[in-house]
Amino acid sequence: MNKKDMILKIVTEFCRVLIGCVFIFSGFVKGIDPMGGAIKIGEYLSAFGLKELSSLSVTFSFLLLAAEFALGVCLLLAVYRRITTFLILLFMCVMTPLTLYLALFNPVSDCGCFGDALVITNWETFLKNIILLAAAILVFIYNQRITPFYSYKVYWGVALFAYLFAIVFSSWNYNHLPMIDFRPYKIGVNISRQMAIPAGASQDEYSYSFVYEKDGVKKEFSLENAPVDDSTWTFVESKTELLKEGYVPPILSFDVRTMEGEDRSEAILSDSALFLLISSDLEQANDDPVDEINTVYDYAHENGISFYCLTASSEAAIRNWTDNTGADYPFLIGDGVMLKTMIRSNPGLILMKRGTILAKWHYNDIPEEEALPAIVTSYLQSKETPRKEEAPWLCIVLCFTLPLLSIWIYDFFRIRKGKMNANI
């Protein structure tokens, strides 16, 4: 192999690793929070006038994250090199102009390509896609220079396993809470402190200008040289331009009100023991855990612990939920986006103490009646900062790598070595 071919192979292999890692990371973080991906897809559908497809947002989220993850694995391991590189190139040819449109017209605040794990601007996303598109073109043209890890006969097993792993992993996170909470309402945070602006934090910087008219001619002046004392000039309008954004707290606001409009935000954040049943949309909420929810409410009522259902639903929806579930707990109103950010479950349960989130439960994981007293007491009496239980990362890594290793061992000893022996 001459020097030129060696350099080309190195560059191609580098592009292979770059694209593979980006696709795997993108699919994996979406798999941690598939509901977040569904919410972002819903924003896209609304922005492009396809709101009637919003009911398929969850399905689209699963299909997208699994495809990204599987394509990343296949490219990284050089499985189905020609078709994998073609699909990735096709994917980038669609996403690059789309992200250019997002950057120019800003229909959504960010693309959501890395979920909430890594939020980048629309222009940063477009630049990233330009780099990936160039790399995708290169690996597609020179896909046969990529060194494979497996023989062709087991490609189907690697590709199928990667896709199914992504589906199973994301399904677990969807039916429970995300293994990692990338949002500001994670366990252990104090909501009031998350809204505070630290002393000395950078402030927004603005440029102010004023338009005046004289003899039919309009002219723009700065704040310092505006002709405020010159009666020959007539004021037309003022302009304000944000030059530099200052510090933005993780939580911009926490607004909770009664159905009559009374502000209860401070009361909620100062309560010494509080359960919040969160449902952004009661009409779409799962009512299977009604008995468990009512059990928690009864326990809270008997032990002097506040309990509210926080929702963005209408009064009619609240009445319908109450009639169907026999709910005795009071309801408060909050912003739907805030509620979806607080917990990825509809409904979901949060335990708080003076504004600090102690625990969060998906509706599939609400504590049983027998275990509830011990669990609540341990959280409320603990003096340590609460933390979300560590995800079983070792188990996840092993569940992903061991099957791939097993396929490689089978491939090496039963297929490739058999071919070598046959050739001797």
Quick one: do Tyr363 and Ile343 satisfy side chain to side chain contact (heavy atoms under 4.5 Å, CB included)? Show the steps, please. CA-CA 11 Å; Tyr363 62 74; Ile343 192 166; over 6 Å; no
Which heavy atom of Val29 sits nearest a heavy atom of Ala117, and at what distance? CG1-CB, 3.8 Å
Under 6.0 Å from the OH atom of Tyr152, do we count more than 12 heavy atoms belonging to anything else shown? no
NZ/NE/NH1/NH2 to OD/OE distance under 4.0 Å, Asp116 and Arg344: yes
Answer yes if the side chains of Ser26 and Glu68 hold a donor-acceptor pair under 3.5 Å, and no otherwise. yes
Judged by atom type as modelled, is there a donor-acceptor pair below 3.5 Å linking the side chain of Thr84 to the main-chain atoms of Arg81? no
Establish, from distance only, whether the side-chain atoms of Asn122 and Asn106 form a donor-acceptor pair under 3.5 Å. yes
Is there a side chain to side chain contact (heavy atoms under 4.5 Å, CB included) between Ile251 and Ile191 once you walk through the steps? CA-CA 7 Å; Ile251 298 177; Ile191 296 176; 4.1 Å; yes
State, yes or no, whether a side-chain contact exists between Trp321 and Asp287 at a heavy-atom distance under 4.5 Å. yes
What about the rings of Phe28 and Phe25, do their centers lie closer together than 6.0 Å? no
Short question: side chain of Thr356, backbone of Gly188 - any donor-acceptor pair under 3.5 Å? no
Heavy-atom closest pair, residues Ile318 and Ile333: CD1-CD1, 4.0 Å
Any Leu405 side-chain heavy atom under 4.5 Å of Tyr410 side chain: no
Quick one: does Ser345's side chain get under 4.5 Å of Ile278's, heavy atoms only? no
Any side-chain heavy-atom pair of Ile88 and Ile19 under 4.5 Å: yes
Find the distance between CG (Asn320) and CG (Leu282) and round it off to the nearest 0.5 Å. 9.0 Å
Where the side chain of Asn173 meets the backbone of Phe169, is there a donor-acceptor pair that is under 3.5 Å apart? yes
Is the shortest side-chain heavy-atom distance between Phe126 and Tyr101 below 4.5 Å? no
Are the ring centres of Tyr308 and Tyr329 closer than 6.0 Å? no
Would you say CD of Gln203 has more than 12 non-hydrogen atoms from neighbouring residues, nucleotides or ligands within 6.0 angstrom? no
Candidate pair Trp172 and Met179, rule side chain to side chain contact (heavy atoms under 4.5 Å, CB included), full reasoning: CA-CA 9 Å; Trp172 193 97; Met179 291 183 177; 3.8 Å; yes
Quick check: does any side chain N or O of Ser378 sit under 3.5 Å from a backbone N or O of Ile375, one acting as donor and the other as acceptor? yes
Could you check if a side-chain atom of Ile187 sits within less than 4.5 angstrom of a side-chain atom of Leu358, using non-hydrogen atoms only? no
Between Phe23 and Phe91, is the ring centre distance below 6.0 Å? yes
Looking at Glu368, I want to see if its CD is surrounded by more than 12 non-hydrogen atoms of other residues, nucleotides or ligands under 6.0 Å. no
His362 side-chain N/O to Tyr174 backbone N/O, donor-acceptor pair under 3.5 Å: yes
Are Ile293 and Phe307 close enough that some pair of their side-chain heavy atoms sits under 4.5 Å apart? yes
Under the 3.5 angstrom rule, does the side chain of Ser54 hit a backbone N or O of Lys51 as a donor-acceptor pair? yes
Should we say atom OH of Tyr142 is surrounded by more than 12 heavy atoms from elsewhere, each under 6.0 Å from it? no
Do other residues, nucleotides or ligands put more than 12 heavy atoms under 6.0 Å from the CZ atom of Phe14? no
When rounded to the nearest 0.5 angstrom, what is the spacing between CG in Leu177 and CG in Asn364? 9.5 Å
Report yes if some heavy atom in the side chain of Glu43 is under 4.5 Å from a heavy atom in the side chain of Leu45; otherwise report no. no
Heavy-atom nearest pair, Phe165 first then Cys399, reads CE1-C, 4.2 Å
Which is it for Phe69 and Phe400 under the ring-ring contact (aromatic ring centres under 6.0 Å, His included) test, yes or no, and what are the steps along the way? CA-CA 12 Å; Phe69 186 83; Phe400 177 68; 5.6 Å; yes
Here the gap from Leu276 atom CG to Leu349 atom CG, rounded to the nearest 0.5 Å, amounts to 8.5 Å
May I ask you to say whether Lys353 pairs ionically with Asp271, meaning some side-chain N is under 4.0 Å from a carboxylate O? no
Hey, is the main chain of Pro34 close enough, under 3.5 Å, to the side chain of Ser61 for a donor-acceptor pair? yes
Can a side-chain donor-acceptor contact be found between Ser265 and Asp263 if the only test is distance below 3.5 angstrom? yes
Report the distance from atom CZ of Phe210 to atom OG of Ser222, rounding to the nearest 0.5 Å. 9.0 Å
When rounded to the nearest 0.5 angstrom, what is the spacing between OG1 in Thr240 and OH in Tyr208? 6.0 Å
I'd like to know if the side chain of Tyr150 reaches the main chain of Leu404, judged simply by a donor and an acceptor atom lying under 3.5 Å from each other, with no hydrogens or angles considered. yes
Is a side-chain donor or acceptor of Ser314 paired with a backbone partner of Ala317 at a separation under 3.5 angstrom? yes
Taking atom CD of Glu124 as the centre, does the number of heavy atoms from other residues, nucleotides or ligands within less than 6.0 Å exceed 12? yes
Can you check side chain to side chain contact (heavy atoms under 4.5 Å, CB included) on Thr258 and Arg264, steps first, answer last? CA-CA 7 Å; Thr258 65; Arg264 296 299 304 276; 3.6 Å; yes
Closest contact, heavy atoms only, Ala196 versus Pro198: O-CD, 3.7 Å
Can you name the closest pair of heavy atoms from Thr12 and Val139 and give their distance? O-CG1, 3.7 Å
Is the NZ or CZ atom of Lys360 both under 6.0 Å from the centre of the six-membered ring of Tyr185 and within 45° of that ring's axis? no
Is the backbone of Val154 close enough, under 3.5 Å, to the side chain of Asp411 for a donor and an acceptor to pair up by distance? no
Any idea which heavy atoms bring Thr147 and Glu13 closest together, and the distance? N-OE2, 3.0 Å
Is any NZ, NE, NH1 or NH2 atom of the basic residue among Glu262 and Arg257 found under 4.0 Å from an Asp or Glu carboxylate oxygen of the other? no
Quick check for you: to the nearest 0.5 Å, what is the distance between Leu65 atom CG and Ser170 atom OG? 4.5 Å
Report, as yes or no, whether the 6.0 Å neighbourhood of atom CH2 on Trp156 holds more than 12 heavy atoms from other residues, nucleotides or ligands. no
